[in-house]
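One structure below.
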Amino acid sequence: MVIGTTSEVDFLDSIGFCDTFSITYNVPTLNKEDAKKVLEQLNVFADEDIDSAAEALNNMPIKKLYMLIEMAAQGAQGGSAEAIYSGKDKINISHFYDCLGDVVRLV
C-alpha cells in the first residue's frame, strides 16, 4: 500500500501521476471545531489552551497541523517530545504561537 499526500493535486493530475493511484481523496482544511476535536484527541494542550489553539488553526490542512504540533512538542529548546506525547507535559501555548508564526511564514 502506498499513500501519497499533496497540496498540488492539479499539477500531479496534469502530468498523469494521479492515475497511478487507485483512489484519490480530498481532505478539506480543518475549521476551528474540527481542529479542536483533533487537539482534544491528541491531548497535547492544557484544557484551558485548546480553544485558543483551535481558533488559531482555522482553515489549516491536517498535514500542516501535525507538522506544527510536532514542532511545538519539541519545546523552545528543542529535544524530545516524549513527555508531551506520553501526557506527562503539555505544549506551552506561547511556544505554539511562535511555531505557528514560523509555519505561516513557510507558506
Side-chain angles (χ1 to χ4, degrees):
M1 176 189 299
V2 175
I3 298 174
T5 64
T6 185
S7 59
E8 300 295 333
V9 72
D10 292 334
F11 170 72
L12 295 179
D13 195 34
S14 74
I15 62 171
F17 190 75
C18 290
D19 296 336
T20 61
F21 292 92
S22 301
I23 298 171
T24 57
Y25 182 73
N26 179 40
V27 178
T29 59
L30 300 173
N31 61 38
K32 62 184 170 186
E33 291 82 20
D34 293 333
K36 182 177 178 180
K37 289 176 189 176
V38 171
L39 295 179
E40 288 171 340
Q41 290 297 310
L42 290 174
N43 193 31
V44 294
F45 284 99
D47 290 341
E48 62 270 13
D49 293 333
I50 290 177
D51 286 330
S52 60
E55 182 74 33
L57 298 171
N58 194 34
N59 291 321
M60 180 172 282
I62 188 82
K63 181 177 165 182
K64 194 172 286 186
L65 168 62
Y66 277 108
M67 180 182 67
L68 172 61
I69 294 300
E70 180 60 29
M71 288 172 62
Q74 296 298 320
Q77 304 302 317
S80 174
E82 184 177 325
I84 299 291
Y85 294 129
S86 69
K88 294 177 185 173
D89 204 357
K90 301 295 180 188
I91 292 174
N92 176 287
I93 194 70
S94 294
H95 179 62
F96 168 76
Y97 286 131
D98 290 342
C99 292
L100 179 60
D102 291 342
V103 167
V104 170
R105 279 191 293 274
L106 292 175
V107 177

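As a basis for the values below, the full set of heavy atoms in this structure was taken, side chains included, without hydrogen atoms, waters or symmetry mates. Numbering of residues begins at 1 and proceeds along the displayed sequence.
- Tracing side-chain contacts under 4.5 Å through hydrophobic residues (I, L, V, M, F, W, Y), one reaches V27 starting from L30; they form part of the same cluster.
- A distance of 11.5 Å separates CG in N59 from NZ in K64, rounded to the nearest 0.5 Å.
- Closest non-hydrogen pair, Y97 versus A53, comes out as OH-N, 4.1 Å.
- Within a 6.0 Å radius of CD in E48, more than 12 heavy atoms belonging to other residues, nucleotides or ligands are found.
- Put simply, CE on M71 and NE2 on H95 are 7.5 Å apart, with the number rounded to the nearest 0.5 Å.
- Residue-environment remark: CD1 (I15) exceeds the threshold of 12 foreign heavy atoms within 6.0 Å.
- Across all non-hydrogen atoms, the minimal contact from I93 to S52 is CD1-OG, 4.1 Å.
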Exercise for the section: Start with the C-alpha gap between V38 and Y66, add the side-chain angles, then the distance that decides, and say whether side chain to side chain contact (heavy atoms under 4.5 Å, CB included) holds. Expected result: CA-CA 10 Å; V38 171; Y66 277 108; 4.1 Å; yes

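- Of all the heavy atoms in T24 and C18, the pair that sits closest is CG2-O, 4.4 Å.
- When each of L100, N31, D34 is checked for a side-chain contact (heavy atoms from CB on, under 4.5 Å) with M60, only L100 meets the rule.
- Of the inter-residue distances, the one linking L65 atom CG with T29 atom OG1 reads 11.5 Å to the nearest 0.5 angstrom.
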Practice task
Let me see the working for L68 and L57 under side chain to side chain contact (heavy atoms under 4.5 Å, CB included), right down to the final yes or no.
Solution key: CA-CA 10 Å; L68 172 61; L57 298 171; 3.5 Å; yes

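- Within the 3.5 Å criterion, the main-chain N or O of K32 finds a donor-acceptor partner in the side chain of N58.
- Under a cut-off of 6.0 angstrom, the local environment of CZ in F11 is sparse, with at most 12 non-hydrogen atoms contributed by other residues, nucleotides or ligands.
- The local environment of CD in E33 is crowded, with over 12 non-hydrogen atoms from other residues, nucleotides or ligands closer than 6.0 Å.
- Linking ILVMFWY side-chain heavy atoms closer than 4.5 Å, directly or via other members, places Y25 and F21 in two distinct hydrophobic clusters.
- In terms of modelled atom types and a separation under 3.5 Å, the side chain of K90 and the main chain of N43 share a donor-acceptor contact.
- Under the 4.5 Å side-chain criterion, counting only non-hydrogen atoms from C-beta, F45 is in contact with I69.
- V2 and L12 fall within a single hydrophobic cluster, where Ile, Leu, Val, Met, Phe, Trp and Tyr side chains are chained together by heavy-atom contacts under 4.5 Å.
- Here the CD-CD1 distance, from E70 to I84, works out to 10.5 Å after rounding to the nearest 0.5 Å.
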